[in-house]
Asks: 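Can you read through this structure? Questions will come right after.
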2 protein chains.
Amino acid sequence: MSNSRTGGANLPALRHHNASLVLDLLRVAGEQGISRLELAEHTGLTPQAVSKITARLRAEGLAAEAGRLASTGGKPRTVLRLVPDAGYAVGLHLDRDELTAVLADLAGTTVATRTFPLDLGAPATEVLATAAHAVRTVRAEGPQATCTAARHVFGVGAALPGPLDHRSGVLHRVTGFPQWDRYPLRDALAEHTGLPVVVDKDTNAAALGLALRDRAEADFAYLHLGTGLGAGLVLGGALHRGARTGAGEFGHQTVQLDGPPCGCGGRGCIEALCLEAAARGDVAEAARVLGAGAANLVGLLDIDRVVLGGRTVAAHEAAYVGGVRAVIEERARREGVTAAVPVTVAGGGDRPVAEGAAQLVLAPLFGRAGEDGGERD
Amino acid sequence: MSNSRTGGANLPALRHHNASLVLDLLRVAGEQGISRLELAEHTGLTPQAVSKITARLRAEGLAAEAGRLASTGGKPRTVLRLVPDAGYAVGLHLDRDELTAVLADLAGTTVATRTFPLDLGAPATEVLATAAHAVRTVRAEGPQATCTAARHVFGVGAALPGPLDHRSGVLHRVTGFPQWDRYPLRDALAEHTGLPVVVDKDTNAAALGLALRDRAEADFAYLHLGTGLGAGLVLGGALHRGARTGAGEFGHQTVQLDGPPCGCGGRGCIEALCLEAAARGDVAEAARVLGAGAANLVGLLDIDRVVLGGRTVAAHEAAYVGGVRAVIEERARREGVTAAVPVTVAGGGDRPVAEGAAQLVLAPLFGRAGEDGGERD
DNA sequence: TCCACTTAAGCAACGCTGTTGCCAAAGTGC
DNA sequence: GCACTTTGGCAACAGCGTTGCTTAAGTGGA
């Protein structure tokens with residue numbers, strides 16, 4: 001529980017904390033739903049407390065009863081379910097050459113997707129106009145808005161490649177596009193759309209999206225290999241951004257002291273070695289380099305899973321997964337660990353980034369904001 | 001706030017959370033103390049709530065009034081202070097060849113220190129007897145116990161080199177000492193001493209000790225270079241242990257693909273390169289290798305400080321700090337960052353480990369347990 | 001068909017949290 | 001000596017989860 005950034009907690013904060021917890025369990029339970037008593041068991045609260053909390057959530061329209069379970073000798077349990085269309089969020093993925101926009105409901109289901117051509121090198125006003133247009137478009141799409149009331153959109157999450165500050169929503173020097181330096185994207189986009197906006201790095205958004213999938217581990221790393229190489233880290237169930245949203249600079253980790261020069265000015269960076277091998281068609285070597293970096297990460301942070309993604313990986317999924325897994329398994333064997341950390345891929349090409357961007361807005365509702373939590377309205 | 005591992009919070013949990021928060025602020029304030037209104041400002045609670053909370057803490061003997069500040073035009077503020085001798089903890093550092101035991105008070109001040117010879121390769125019962133003897137010895141030392149009541153010792157924190165599981169208190173294969181494999185050290189030591197016991201890796205203990213010093217950053221890494229090379233990570237103000245207390249395996253990070261073989265069976269590990277250079281007297285090269293690993297870590301986790309420690313570093317402090325700093329500053333310059341992450345040393349040789357071990361017991365009182373929190377009595 | 005039993009879920013009273021409104025205490029400065 | 005400022009506690013209060021009890025809604029044996 002966190003009461004803004006000070007830490008002191010009062011009764012409203014307590015109520016919000018427990019409501020978020022229940023809401024998160026409802027989200028994870030999905031369409032199948034979950035009974036009040038299971039909620040009580042998972043939260044450690046008394047059944048009566050869960051009854052009160054779920055009653056409030058039902059009154060707010062966020063939860064609903066959905067059938068009953070089979071009796072086990074007494075009154076059957078009533079199943080509760082999240083109401084997916086109680087709220088929506090827009091997710092934007094601003095990549096170098098295209099913009100992907102999705103509309104996600106409260107359950108995390110993508111109900112609309114659109115892609116637009118984009119030149120991230122164009123003037124800011126032009127990019128902003130495209131983004132605002134994309135937001136309007138996906139808001140109008142998806143399932144027909146109910147006749148009673150307009151759909152409630154909580155806000156817009158925007159994910160981009162460059163370094164930026166998540167807290168202030170200000171961009172730093174996006175590689176190759178000097179016009180974005182110190183640009184207050186969050187506030188500008190909020191003004192253009194009239195909605196609250198959250199910005200974050202593309203890899204962080206993707207990692208958050210994966211973390212909110214059911215059965216996600218508490219600690220894992222998402223490695224994104226596209227035109228560059230970056231990582232999103234989930235530690236202790238929450239996104240780790242670091243003090244300056246700089247965490248995840250995975251591409252320029254040195255894995256070959258005094259190795260070949262990299263575009264960043266350093267030598268022996270993973271990105272340089274990996275992309276060079278991939279460029280000359282040696283996927284096995286690219287995977288081996290990536291695996292060495294992944295194994296470093298696994299050892300340093302003791303994570304439970306490595307997820308690979310991005311266009312370059314998508315082109316040779318089996319080779320990359322196999323190559324990375326081989327390095328990790330070999331190192332696990334040396335340490336005498338029985339079960340090596342699993343390596344998987346995040347399907348869907350670049351879509352996980354846009355979907356994760358939408359979760360930047362929705363995650364605070366479920367107490368999954370990560371470090372400094374956003375408040376609910 | 002965390003109510004055991006379930007997450008649900010009730011009123012006692014709320015009370016405990018706020019009390020811990022206030023207690024932590026009192027601890028950080030040290031002998032200088034802190035006024036009620038400052039506590040209110042830092043916690044975000046109302047002054048009245050702080051009055052109630054501090055009244056309870058005073059009734060329990062954990063806090064006391066200590067003088068007044070100068071008036072600013074009205075009634076002067078009353079200064080509150082932690083009562084250091086309200087409780088103590090024993091910290092044990094079980095190294096390969098010696099055992100260091102300290103007695104720390106609530107404020108973190110070491111009031112007694114003793115070292116004993118130890119052979120970590122000896123049978124478990126022998127090592128345990130030495131440890132229990134060390135605990136009895138430091139409990140009897142320090143400032144004279146007040147005549148009113150015996151000193152209250154909260155428990156024993158034990159730090160050791162090998163891999164282990166912090167949650168269960170069971171050791172894994174401590175390098176070179178197969179008899180410790182699967183040994184339930186926590187329970188065994190608890191039985192021998194009659195006190196609650198917490199065990200953790202030496203580097204984690206040291207990092208925790210540093211994290212509890214006043215003005216410590218929320219994110220930093222402690223790199224320990226002794227007979228081996230390990231790391232303790234503090235992320236978001238809390239110790240990051242990972243799911244299996246395995247985090248901090250820094251020594252066997254690959255920084256030279258296909259480099260020289262390491263004792264672990266791998267190639268190009270930092271530890272092998274670093275210790276090899278140190279062994280042949282090339283401190284500059286050892287520092288450069290260590291710096292490369294440290295820079296990787298800084299980039300990956302976006303931490304605020306790197307702290308060096310351990311016997312090998314202590315022998316050439318300036319050279320190591322300078323060498324590591326040079327690598328980190330060079331990389332920061334390439335990324336266009338104005339202020340590079342500072343590099344410092346943890347003085348006192350190996351003592352920070354034993355002092356940090358005592359903090360393993362005290363930290364939960366201040367809500368600084370890290371991830372899964374221990375409860376107060 | 002009926003009745004005893006089991007399990008689920010809500011109502012009412014309660015203890016305790018931090019909050020609010022108010023007032024006494026303890027200074028400064030004219 | 002008086003007006004003013006600031007601190008900090010007392011008392012009443014709203015609201016949280018908890019406890020004790022009741023009602024709802026099933027199963028299963030006589």
Side-chain angles (χ1 to χ4, degrees), chain A residues 1-4 6-23 33-60 63-81 367 376, chain B residues 1-4 6-22 33-60 63-81 376:
Chain A
M1 158 182 304
S2 63
N3 192 9
S4 124
T6 50
N10 49 23
L11 285 170
L14 181 75
R15 168 197 178 124
H16 178 243
H17 171 82
N18 286 335
S20 297
L21 210 64
V22 169
L23 221 43
I34 186 170
S35 68
R36 287 181 179 80
L37 272 88
E38 285 173 292
L39 287 171
E41 204 173 318
H42 282 82
T43 56
L45 297 170
T46 59
Q48 183 60 23
V50 172
S51 272
K52 283 192 178 180
I53 292 165
T54 54
R56 285 199 299 261
L57 293 177
R58 282 188 299 154
E60 291 175 37
E65 296 195 339
R68 317 194 138 180
L69 294 176
S71 166
T72 59
K75 178 175 175 178
R77 299 182 175 185
T78 311
V79 170
L80 297 169
R81 203 171 43 77
R376 201 159 120 230
Chain B
M1 156 182 301
S2 64
N3 191 11
S4 128
T6 49
N10 49 22
L11 284 170
L14 180 75
R15 169 197 178 125
H16 178 241
H17 171 83
N18 286 336
S20 296
L21 209 66
V22 170
I34 186 169
S35 67
R36 286 182 180 80
L37 272 85
E38 285 172 292
L39 287 172
E41 204 173 318
H42 283 82
T43 56
L45 298 169
T46 59
Q48 183 61 17
V50 172
S51 272
K52 284 190 178 181
I53 292 165
T54 54
R56 285 199 300 259
L57 294 176
R58 283 189 299 154
E60 292 175 37
E65 298 195 338
R68 316 196 140 178
L69 293 175
S71 166
T72 59
K75 180 174 175 178
R77 300 182 174 184
T78 311
V79 170
L80 296 170
R81 203 172 43 76
R376 206 161 115 226

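Being a predicted model, the structure only gives us computed values, none of them experimental. Numbered from 1 within each chain, the chains take letters A, B, ... in sequence-line order.
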Asks: Rounded off to whole Å, could you give me the CD1-to-C1' distance for the A:Ile53 and D:dC16 pair?
Replies: 9 Å

Asks: With rounding to the nearest 0.5 angstrom, report the CZ to CD1 distance, A:Arg81 to A:Ile34.
Replies: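 It is 13.5 Å, given to the nearest 0.5 Å.
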
Asks: Heavy atoms under 4.0 Å is the rule here; annotate nucleotides 4-12 of chain D 5' to 3' with B where the base is hit, S where only the sugar-phosphate is, and - elsewhere.
Replies: -BBBSBBBB

Asks: Which atom pairs, one a donor and one an acceptor, fall under 3.5 Å between side chains of residues 73-80 of chain A and the rest of the protein, sequence neighbours left out?
Replies:
none

Asks: To the nearest 0.5 angstrom, please state how far the CG atom of A:Asn10 sits from the OG1 atom of B:Thr43.
Replies: 10.0 Å

Asks: Give the table of side-chain donor-acceptor pairs shorter than 3.5 Å for residues 45-59 of chain A, with sequence neighbours excluded, one pair per line with atom names and distance.
Replies:
unit_1	atom_1	unit_2	atom_2	d
A:Thr46	OG1	A:Ala49	N	3.3
A:Thr54	OG1	A:Val50	O	2.8
A:Thr54	OG1	A:Ser51	O	3.1
A:Arg58	NH1	A:Glu65	OE2	3.3

Asks: Given the rule in the side-chain contact (heavy atoms from CB on, under 4.5 Å) test, do A:Ser20 and A:His17 qualify, once you have shown the distances and angles that lead to the verdict?
Replies: CA-CA 5 Å; A:Ser20 297; A:His17 171 82; 5.9 Å; no

Asks: Between which nucleotides of DNA chain C, read 5' to 3', does contact with chain B run, using atoms under 4.0 Å from its heavy atoms?
Replies: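 The protein-touched segment is C:dG15 to C:dT28.
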
Asks: Side-chain N or O of A:Arg68 less than 4.0 angstrom from OP1 or OP2 on D:dG26?
Replies: yes

Asks: For D:dG17, does either OP1 or OP2 sit under 4.0 Å from a side-chain N or O belonging to A:Asn18?
Replies: yes

Asks: Under a 3.5 Å cut-off on both pairing distances, which runs of 3 or more consecutive Watson-Crick or G-U pairs involve DNA chain D?
Replies: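 Expected stems, ordered by start: C:1-30 with D:1-30.
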
Asks: Give a yes or no answer on whether the side chain of B:His42 reaches the backbone of B:Glu38 with a donor-acceptor pair at less than 3.5 Å.
Replies: yes

Asks: Please round to the nearest 0.5 Å and tell me the distance separating atom CG of B:Leu11 and atom CG of A:Leu14.
Replies: 6.0 Å

